[in-house]
Amino acid sequence: MKNRFTISLVVMIAVLYVLDQLTKWYIVLNFPFDWEHEFSTRVDPVIQGSGIMNFNIVRVHNTGVAFGTGNGTAWAPFLFLGIQVAALVWLTRLFRSGFFATRALKFAWAFIMAGVLGNMTDRLLQGFFRPGAEALGFFENLTRGYVVDFLDFSFPWIQTEMFPYGYHWPSFNVADSCVCIAAALFLVSGFLAPKESKEKKDEKPAKDGEEAKA
């Protein structure tokens, strides 16, 4: 039973990974990009003018991580690729050791693995498809890798000095969504764990008492 559930988690990771890569490559192949100014020349509005939320499909290249941290810096490709590889090894070892004890934690592990694999694939491959890649060496192209983001949300009713026309959430992708879902599951599991431990503790004396009575 345990092995079947683990296989289901692996299948889940594979499905989320494929979905992430298919959506990203659709964007790369269908949204023209101004490489000189690092800007997409196509924006597809999905929700506009509601006053609550605007949603566009865009093409954004991010060499950094969440919220664009490190984007455009020379050190970002090396550092974040190394962090992702280390994260995969660490998460795999934790899973094998039984650290993810509950079903919620196991699902969180699957989501975060899919997210890390999806964005790591971008960093490893996308640099080789940039213009002029054929004239550069392997490691040079590797350092030019980036993550493809395409889901773009803004909220016109949240107006501040920094966002006079409304708050704009940094663009993201399916892999980023998987990581956020994993974080939410980890948070929920943190609240549920004490309750589950208490229930198991309460059950044990009852069982011991029944055995003594028998």
Side-chain angles (χ1 to χ4, degrees), residues 15-81 83-84 111-112 114-181 183:
V15 170
L16 290 170
Y17 173 78
V18 170
L19 177 63
D20 175 69
Q21 289 299 300
L22 285 177
T23 52
K24 286 173 177 174
W25 277 106
Y26 173 82
I27 296 298
V28 168
L29 296 174
N30 292 279
F31 281 63
F33 197 77
D34 183 346
W35 290 96
E36 184 179 352
H37 301 98
E38 293 287 327
F39 184 78
S40 176
T41 56
R42 174 180 170 182
V43 177
D44 285 4
V46 179
I47 300 173
Q48 290 291 322
S50 68
I52 299 174
M53 179 185 73
N54 296 323
F55 172 40
N56 300 310
I57 301 296
V58 298
R59 177 178 175 180
V60 176
H61 294 177
N62 181 14
T63 58
V65 285
F67 302 102
T69 304
N71 191 27
T73 60
W75 50 266
F78 297 102
L79 177 63
F80 297 129
L81 181 59
I83 289 174
Q84 287 174 325
F111 274 111
I112 199 169
V116 173
L117 281 168
N119 283 339
M120 188 177 76
T121 300
D122 283 16
R123 293 186 191 280
L124 288 169
L125 297 182
Q126 290 296 336
F128 292 88
F129 294 92
R130 296 182 67 148
E134 62 280 356
L136 300 175
F138 176 81
F139 287 104
E140 286 180 285
N141 283 319
L142 191 64
T143 61
R144 299 201 309 163
Y146 54 86
V147 174
V148 179
D149 294 327
F150 60 91
L151 300 170
D152 183 76
F153 289 87
S154 60
F155 305 89
W157 56 278
I158 307 177
Q159 296 182 354
T160 64
E161 286 187 26
M162 189 177 293
F163 303 98
Y165 303 106
Y167 179 71
H168 187 270
W169 188 265
S171 301
F172 59 100
N173 54 45
V174 174
D176 296 331
S177 301
C178 289
V179 174
C180 289
I181 293 171

Notebook entry, point to check: Listed by chain and number, what are the ring-ring contact (aromatic ring centres under 6.0 Å, His included) partners of Phe128, not counting sequence neighbours?
Noted result: Phe138

Margin query: Just verifying a value: how many Å separate Leu117 CG and Tyr17 OH, rounded to the nearest 0.5 Å?
Written below: 7.0 Å

Margin query: If you count heavy atoms of other groups shown closer than 6.0 angstrom to CD of Glu36, is the number above 12?
Written below: no

Margin query: Let me confirm one number: the CE-OH distance from Met162 to Tyr167, rounded to the nearest 0.5 Å.
Written below: 10.0 Å

Next item on the list: Work out which heavy atom in Ser171 is nearest to a heavy atom in Asp152; give both atom names and the distance.
Entry: OG-OD1, 3.1 Å

Notebook entry, point to check: What are the two closest heavy atoms between Phe31 and Arg42, and how far apart are they?
Noted result: CD2-O, 3.5 Å

Item checked: Asp34 and Thr41 side chains, donor-acceptor separation under 3.5 Å -> no

Next item on the list: Test Val148 against every option in Val60, Ile27, Thr23 by the side-chain contact (heavy atoms from CB on, under 4.5 Å) rule and name the one that passes.
Entry: Ile27

Note to self: With rounding to the nearest 0.5 angstrom, report the CG to CG distance, Asp44 to Asn56.
What the structure shows: 8.5 Å

Check: If you measure from CD on Gln126 to NZ on Lys24, what distance do you get to the nearest 0.5 Å?
Finding: 8.0 Å

Check: Going from OH on Tyr26 to CZ on Arg59, what distance comes out if it is rounded to the nearest 0.5 angstrom?
Finding: 12.5 Å

Item checked: Closest approach of Asn173 to Asp149 (non-hydrogen atoms, all atoms of both residues) -> ND2-OD1, 2.8 Å

Notebook entry, point to check: Quick one: does Asp20's side chain have a donor or acceptor within less than 3.5 Å of a partner on Ala175's backbone?
Noted result: yes

Margin query: Run Asn141 and Phe129 through side chain to side chain contact (heavy atoms under 4.5 Å, CB included) and show every step you take.
Written below: CA-CA 9 Å; Asn141 283 319; Phe129 294 92; over 6 Å; no

Margin query: How long is the straight-line distance from CZ of Arg123 back to OH of Tyr146, given to the nearest 0.5 Å?
Written below: 12.0 Å

Notebook entry, point to check: Between Asp122 and Asn62, is any side-chain donor less than 3.5 angstrom from a side-chain acceptor?
Noted result: no

Margin query: Go through it in stages, so that I can follow the logic: the residues are Val174 and Phe150, the test is side chain to side chain contact (heavy atoms under 4.5 Å, CB included), and I'd like the CA-CA distance, side-chain angles, deciding distance and then a yes or no.
Written below: CA-CA 9 Å; Val174 174; Phe150 60 91; 4.2 Å; yes

Notebook entry, point to check: With side chains defined as the heavy atoms from C-beta onward, is the minimum distance between Arg130 and Phe33 less than 4.5 Å?
Noted result: no

Next item on the list: Might you point out which heavy atoms bring Asn54 and Gly49 nearest each other, and give the distance in Å?
Entry: OD1-N, 3.3 Å

Next item on the list: Identify the two heavy atoms, one from His168 and one from Phe163, that lie closest to each other, and give their separation to 0.1 Å.
Entry: N-CD2, 3.9 Å

Check: Which pair of non-hydrogen atoms, one from Gly137 and one from Glu140, has the smallest distance, and what is that distance?
Finding: N-OE1, 3.1 Å

Margin query: If the threshold is 4.0 Å, N to carboxylate O, is there a salt bridge linking Arg144 and Glu38?
Written below: no

Check: Is Leu29 atom CG crowded by more than 12 heavy atoms from other residues, nucleotides or ligands, each under 6.0 Å away?
Finding: yes

Check: Do the non-hydrogen side-chain atoms of Val43 and Ile57 ever get within less than 4.5 Å of each other?
Finding: no

